[in-house]
Undergrad: 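Below you'll find the structure I mean.
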Amino acid sequence: MREIEEFRTAVGDWASGGPSAPAGERARELAARLGVRTAVLLEGLSDLAAVEALTERRGRDLAAEGVCVVSMGGAMNVGRYAALLGPPGLGLRLTGLCDEREQPYYDRGLTRARARASERDVFVCAADLEDELIRALGTERVEEIVETEGDLRPWQTFLHQPAQQGRSRHQQLRRFLGTKKGRKIRYGTLLVEALDPGQVPAPLEDLLANV
């Protein structure tokens with residue numbers, strides 16, 4: 001686990017510094033040593049938390065399977081990551097999960113990196129993964145989790161804000177998860193852990209079936 005984290009860090013440093021950054025050699029070395037064959041490109045850390053929570057629930061060790069899940073810090077970075085990790089770079093197979101509105105970034109980025117084999121490589125959430133998870137669990141269950149986690153008071157305060165009047169409970173919950181730094185990441189794990197086996201959203205289920 002420590003070495004796969006080192007690989008992620010090296011890839012992030014490489015992406016920040018450009019194709020010739022020294023971190024690229026470290027990433028190549030670690031990829032070869034760890035037997036990485038597939039990179040899963042995710043928009044952010046909350047998606048990463050959810051994917052890791054589900055794989056842990058299912059007893060899968062993605063690193064041992066040669067799969068590295070990468071948070072890119074935004075969908076607009078997909079072209080850079082695809083170029084470094086896909087055919088022009090490390091030659092890894094690429095797959096990913098994205099929001100519907102961000103799909104064009106994935107389409108363009110993977111095409112430019114000559115990494116797009118088929119539309120089945122990228123799995124698309126309607127709004128975002130939090131939206132999918134709230135819909136899967138139902139708003140009542142998500143509110144129960146919010147209360148259990150000690151967030152009832154900030155949730156109630158949030159509901160009284162003028163901007164939230166007239167919104168559906170689903171919309172309010174989705175917005176609430178993004179109002180505090182780190183909350184989306186924490187709830188990405190919590191909501192996945194609360195899912196029954198048959199409740200896993202299709203994009204997340206299909207992603208894991210593909211790696």
Side-chain angles (χ1 to χ4, degrees), residues 1-56 60-99 101-117 121-125 128-130 177-178 180-189 192 203-204 207-208 210-211:
M1 184 64 180
R2 183 176 63 83
E3 285 193 316
I4 204 68
E5 289 294 343
E6 289 180 15
F7 176 68
R8 283 178 182 155
T9 299
V11 168
D13 291 344
W14 191 14
S16 298
S20 61
E25 288 306 311
R26 178 60 174 162
R28 289 182 185 278
E29 173 194 339
L30 286 167
R33 185 194 308 169
L34 297 171
V36 180
R37 58 176 179 78
T38 299
V40 181
L41 303 180
L42 302 176
E43 294 183 43
L45 292 172
S46 62
D47 298 329
L48 176 64
V51 170
E52 290 192 327
L54 186 56
T55 56
E56 184 175 341
R60 291 184 63 180
D61 183 345
L62 292 185
E65 297 175 26
V67 178
C68 182
V69 185
V70 178
S71 168
M72 302 181 296
M76 288 183 290
N77 295 323
V78 67
R80 186 182 311 159
Y81 276 81
L84 298 180
L85 299 177
L90 299 186
L92 305 181
R93 172 177 173 261
L94 301 181
T95 185
L97 183 75
C98 70
D99 305 344
R101 67 181 178 277
E102 311 292 5
Q103 188 176 5
Y105 292 115
Y106 273 69
D107 291 340
R108 289 193 295 269
L110 293 175
T111 297
R112 283 199 299 267
R114 304 189 304 280
R116 190 65 179 270
D121 294 330
V122 176
F123 302 92
V124 182
C125 300
D128 53 29
L129 186 53
E130 289 75 28
L177 296 185
K180 181 180 178 181
K181 185 177 180 180
R183 184 177 281 156
K184 280 180 69 173
I185 299 171
R186 181 161 61 98
Y187 277 90
T189 297
V192 165
L204 189 55
L207 173 70
L208 291 189
N210 194 49
V211 295

Undergrad: Under 4.5 Å between any side-chain heavy atoms of L208 and V51, yes or no?
TA: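 Answer yes - side chains close enough.
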Undergrad: Taking all non-hydrogen atoms of both residues into account, name the closest pair between C98 and E43 and its distance.
TA: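 Closest heavy-atom pair between C98 and E43: CA-OE2, 3.2 Å.
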Undergrad: Of all the heavy-atom pairs spanning A113 and P87, show the shortest one and how long it is.
TA: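 That closest heavy-atom pairing would be O-CD, 3.6 Å.
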Undergrad: Check whether Q103 reaches the backbone of V124 with its side chain - one donor and one acceptor, N or O, closer than 3.5 Å.
TA: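 No, Q103 side chain to V124 backbone: no donor-acceptor pair under 3.5 Å.
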Undergrad: Check for a donor-acceptor pair, side chain of T95 on one end and backbone N or O of D121 on the other, with a separation under 3.5 Å.
TA: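 Indeed, once roles are kept as given, a pair shorter than 3.5 Å links the two residues.
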Undergrad: For the backbone of R101 and the side chain of D99, can you confirm whether one donor and one acceptor N or O come within less than 3.5 Å of each other?
TA: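 Answer holds: no.
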Undergrad: Is there a side-chain contact between L84 and V11, using heavy atoms and a 4.5 Å cut-off?
TA: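 A side-chain contact is absent here, since even the closest heavy-atom pair is not under 4.5 Å.
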Undergrad: A side-chain contact here means heavy atoms from C-beta on lying under 4.5 Å apart; do W14 and R80 qualify?
TA: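 A side-chain contact under 4.5 Å is absent here.
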Undergrad: When rounded to the nearest 0.5 angstrom, what distance separates CG in L207 from SG in C125?
TA: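 Taking CG in L207 and SG in C125, the distance rounds to 9.0 Å.
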Undergrad: Between atom CZ of R93 and atom CG of L85, what is the distance when rounded to the nearest 0.5 Å?
TA: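 Rounded to the nearest 0.5 Å, the CZ-CG separation comes to 13.5 Å.
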Undergrad: So, taking the atom named NZ in K181 and the one named CZ in R186, what distance separates them when rounded to the nearest 0.5 Å?
TA: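 Answer for the NZ-CZ pair, K181 versus R186, is 14.5 Å.
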Undergrad: Using every non-hydrogen atom in the two residues, find where K184 and L177 come nearest and quote the distance to one decimal.
TA: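 Shortest heavy-atom separation between K184 and L177 comes out as CG-O, 3.0 Å.
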Undergrad: Rounded at 0.5 Å granularity, tell me how far OG1 in T55 sits from CD in E65.
TA: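 CD of E65 is found 8.5 Å from OG1 of T55.
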Undergrad: Restricting to non-hydrogen atoms, name the atom on G86 and the atom on L94 that form the minimum distance, rounded to 0.1 Å.
TA: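 Taking every non-hydrogen atom into account, CA-CD1, 3.8 Å.
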Undergrad: Going from CG on L129 to CG on L97, what distance comes out if it is rounded to the nearest 0.5 angstrom?
TA: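 Going from CG on L129 over to CG on L97, the span is 6.0 Å.
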Undergrad: Between the side chains of E52 and R8, is the shortest nitrogen-to-carboxylate-oxygen separation below 4.0 Å, so that they form an ion pair?
TA: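 Yes, R8 and E52 are salt-bridged.
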Undergrad: Within the structure provided, determine whether R60 and V211 are in side-chain contact (heavy-atom separation under 4.5 Å).
TA: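 Counting from C-beta outward, R60 and V211 do come under 4.5 Å.
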Undergrad: Report yes if some heavy atom in the side chain of R37 is under 4.5 Å from a heavy atom in the side chain of V67; otherwise report no.
TA: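 With C-beta onward as the side chain, the pair touches.
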Undergrad: A side-chain contact here means heavy atoms from C-beta on lying under 4.5 Å apart; do L30 and R33 qualify?
TA: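 A side-chain contact exists here, since the closest heavy-atom pair is under 4.5 Å.
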Undergrad: Please tell me if the side chains of R26 and E29 come closer than 4.5 Å, counting only heavy atoms from C-beta onward.
TA: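 A side-chain contact exists here, since the closest heavy-atom pair is under 4.5 Å.
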Undergrad: Is the CD atom of E56 crowded by more than 12 outside heavy atoms at less than 6.0 Å?
TA: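 Atom CD in E56 is not crowded, with 12 or fewer foreign heavy atoms closer than 6.0 Å.
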Undergrad: Got a donor-acceptor contact below 3.5 angstrom from the Y106 side chain to the L41 backbone?
TA: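 Yes, Y106 side chain to L41 backbone: donor-acceptor pair under 3.5 Å.
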Undergrad: L45 and S71: which non-hydrogen atoms are nearest, and at how many Å?
TA: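 The answer is N-OG, 3.4 Å.
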Undergrad: Quick check for you: to the nearest 0.5 Å, what is the distance between F7 atom CZ and L34 atom CG?
TA: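 Between F7 CZ and L34 CG, I get 7.5 Å after rounding to 0.5 Å.
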Undergrad: For A27 and L90, which heavy atoms make the closest approach, and how far apart are they?
TA: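 It is O-CD1, 4.3 Å.
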